[in-house]
Amino acid sequence: MANGGQGVGHFRKNQVKRFGTVAYIWRMKTLKMRKPALFSFEECLWFLNRNYDDCLHHIEPGQLSKAICINGENIAFTLRADEQHLLVDLNHGGGDNFPEAALIQYIMEWFDLDRDITPFYGLLEKNKTLGYMAKDFAGFRLISIHDLYEALCWSIIGQQINLTFAYTLKRRMVEQYGQKLEVNGQSLYIFPRPEVLQYATVADLRKQQFSERKAEYLLLVSKMFAEGSISQEMVRQCASYEAQVALLTAIRGIGIWTANYALMKTLKQLQAIPYGDVGLLNALLNHALIKDKKDTVGIDKLFKRFKGWESYLVFYLWRSLSSKS
DNA sequence: ATCCAGGGGTCAC
DNA sequence: GTGACCCATGGA
């Protein structure tokens with residue numbers, strides 16, 4: 001936690017709010033985190049808000065709200081930014097031992113704030129075709145998914161269907177099996193725990209329009225996480241990146257794409273490339289960096305120049321698929 | 001209607 | 001290890 005320790009909290013106000021017949025009282029507190037160089041909150045916020053309906057956060061102009069579970073406790077927060085800081089408004093259901101340090105750490109990891117991405121920008125600027133990204137996408141960061149289970153479920157959901165539908169499926173799953181926090185009149189959801197989802201049936205998920213296979217994959221992964229036959233720590237402790245890929249792809253439903261996606265988004269293995277990803281391939285075609293979708297030679301050639309920053313290149317290429325117009 | 005979507009398993013060779 | 005085939009369903 002490089003900058004995280006600088007979080008300075010102070011009470012802002014006390015509020016009483018009513019939801020139905022129940023009144024909740026909570027304190028609002030604002031933490032300040034210094035923004036690192038080459039970080040743009042606006043750029044990340046825009047990406048999170050692209051054209052999709054993500055049920056795991058709520059966005060309003062200039063701010064981003066999310067519910068998470070820290071140390072077994074469900075909390076919610078809202079992120080804003082000023083010139084030099086990220087501002088974190090805490091919404092908390094009670095108790096004086098708010099896990100501030102853990103929340104700051106969460107945000108640091110969410111937007112990859114601990115990383116000096118100067119070397120990546122050096123590589124970008126050297127590239128004739130992609131150099132524009134250093135300017136157009138300045139401050140964009142690898143936005144992570146903290147929980148490996150969630151990342152794997154999300155990538156299984158997203159296999160071979162369009163993203164709009166994928167987000168629809170995720171919302172159905174999360175609204176049925178996840179937890180909901182009502183904050184400032186807004187519903188914020190937390191991704192389901194495997195201990196809960198493991199008891200769903202294929203038929204349950206089929207009703208939500210998951211395919212039979214996907215339902216099987218999701219339930220298998222849920223059972224494995226619930227019983228501990230796979231865990232984030234287990235993957236983290238693998239001796240090598242290759243061993244991590246092997247451990248994950250040994251699970252039915254997790255292929256090379258899914259494994260790399262999860263390793264990139266959760267463990268931030270920057271050498272992870274989600275091979276075969278249609279978005280990646282389309283971005284490469286758009287930039288005329290490959291001849292066709294089978295041009296693996298062209299892909300290898302490009303990524304070789306971005307050694308150690310492959311995931312960042314993938315993420316920036318994905319970013320290039322959506323335009324702000 | 002037709003092709004595509006941020007794939008993966010299975011099976012033949 | 002490579003390639004053909006199937007799965008399933010919404011979007012454009």
Side-chain angles (χ1 to χ4, degrees), chain A residues 44 46-56 137 140-145 148 150-173 191 201-222 224 230 242 245-287 289-290 292-297 299-300 302-303 310-323 325:
Chain A
C44 293
W46 182 85
F47 186 76
L48 283 173
N49 200 28
R50 283 174 293 171
N51 308 311
Y52 303 111
D53 173 37
D54 195 326
C55 59
L56 294 180
F137 308 155
F140 186 46
R141 295 268 172 162
L142 179 55
I143 299 173
S144 79
I145 297 173
L148 178 62
E150 177 186 328
L152 288 172
C153 287
W154 170 230
S155 49
I156 289 170
I157 291 171
Q159 288 169 4
Q160 187 58 20
I161 58 174
N162 66 72
L163 270 180
T164 303
F165 183 44
Y167 279 106
T168 299
L169 288 177
K170 181 167 83 165
R171 177 175 287 282
R172 287 177 188 157
M173 167 176 279
F191 196 81
T201 64
V202 170
D204 293 333
L205 296 182
R206 289 287 288 144
K207 278 183 216 150
Q208 298 185 334
Q209 288 178 285
F210 287 81
S211 69
E212 185 105 9
R213 291 286 166 75
K214 263 182 209 182
E216 290 169 8
Y217 299 164
L218 288 165
L219 297 181
L220 172 64
V221 168
S222 298
M224 290 183 71
I230 185 76
E242 288 75 14
V245 173
L247 182 58
L248 289 176
T249 54
I251 300 169
R252 181 177 155 84
I254 299 178
I256 193 70
W257 177 85
T258 306
N260 276 301
Y261 180 89
L263 289 173
M264 158 182 172
K265 293 283 278 185
T266 298
L267 297 185
K268 296 185 185 175
Q269 290 286 22
L270 295 194
Q271 68 268 52
I273 303 169
Y275 292 98
D277 181 88
V278 292
L280 171 59
L281 293 172
N282 283 332
L284 293 172
L285 281 171
N286 291 343
H287 289 87
L289 288 164
I290 54 174
D292 54 62
K293 290 190 176 179
K294 288 180 294 186
D295 182 8
T296 56
V297 178
I299 297 174
D300 289 343
L302 174 65
F303 278 104
E310 290 91 336
S311 289
Y312 258 87
L313 179 57
V314 170
F315 213 60
Y316 271 58
L317 286 166
W318 281 344
R319 165 66 186 81
S320 75
L321 293 170
S322 307
S323 77
S325 62

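The sequence lines fix the lettering, A, B, ..., with proteins before strands; numbering per chain opens at 1.
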Look at all strands and tell whether [X] reaches a base, only sugar-phosphate, or nothing, counting heavy atoms closer than 4.0 Å.
X        : answer
A:Gln159 : sugar-phosphate
A:Thr168 : nothing
A:Lys293 : sugar-phosphate
A:Ile251 : sugar-phosphate
A:Leu280 : nothing
A:Arg50  : base
A:Phe210 : nothing

Residue mapping more 5' on DNA chain B - nearest nucleotide basis, A:Lys265 or A:Thr249: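 Nearest-nucleotide comparison on DNA chain B picks A:Lys265.
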Aromatic plane relationship, A:Phe140 with A:Phe137 - under 30° parallel, 30 to 60° tilted, over 60° perpendicular: perpendicular
Gap between atoms [atom1] and [atom2], on [X] and [N] respectively (whole Å):
X        : N      : atom1 : atom2 : answer
A:Asn162 : C:dA8  : CG    : C1'   : 12 Å
A:Leu285 : B:dA5  : CG    : P     : 10 Å
A:Ile254 : B:dG8  : CD1   : P     : 9 Å
A:Glu212 : C:dA8  : CD    : P     : 6 Å
A:Ile161 : C:dG11 : CD1   : P     : 10 Å
A:Leu321 : B:dC4  : CG    : P     : 17 Å
A:Leu169 : B:dG7  : CG    : P     : 14 Å
A:Arg213 : C:dT9  : CZ    : C1'   : 15 Å

Integer angstrom distance from the C1' of C:dT9 to that of B:dA1: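 That atom pair is separated by 16 Å.
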P atoms of B:dG8 and C:dG11, separation to the nearest Å: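 Straight-line distance between the two P atoms is 22 Å.
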Indicate the atoms forming the closest heavy-atom contact of [X] with [Y], along with that distance.
X        : Y        : value
A:Trp318 : A:Met264 : CZ3-CE, 3.6 Å
A:Leu169 : A:Phe210 : O-CZ, 3.6 Å
A:Lys170 : A:Trp154 : CD-CE3, 3.5 Å
A:Gly253 : A:Gln159 : O-NE2, 2.9 Å

Step-by-step side-chain contact (heavy atoms from CB on, under 4.5 Å) determination, A:Ile161 to A:Lys214: CA-CA 11 Å; A:Ile161 58 174; A:Lys214 263 182 209 182; 3.6 Å; yes
Closest listed nucleotide, where the reference is the side chain of A:Val278 and the choices are B:dG8, B:dG9, B:dA5: B:dA5
From B:dG8, B:dA5, C:dA8, nucleotide with atom closest to A:Ser211 side chain: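 Given the options B:dG8, B:dA5, C:dA8, the side chain of A:Ser211 is closest to C:dA8.
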Below 4.0 Å: OP1/OP2 of B:dT10 and any side-chain N or O of A:Arg252: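 Looking at the OP1 and OP2 atoms of B:dT10, one of them is under 4.0 Å from a side-chain N or O of A:Arg252.
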Of A:Gln160 and A:Thr164, the one whose closest DNA chain C nucleotide lies more 5': A:Gln160
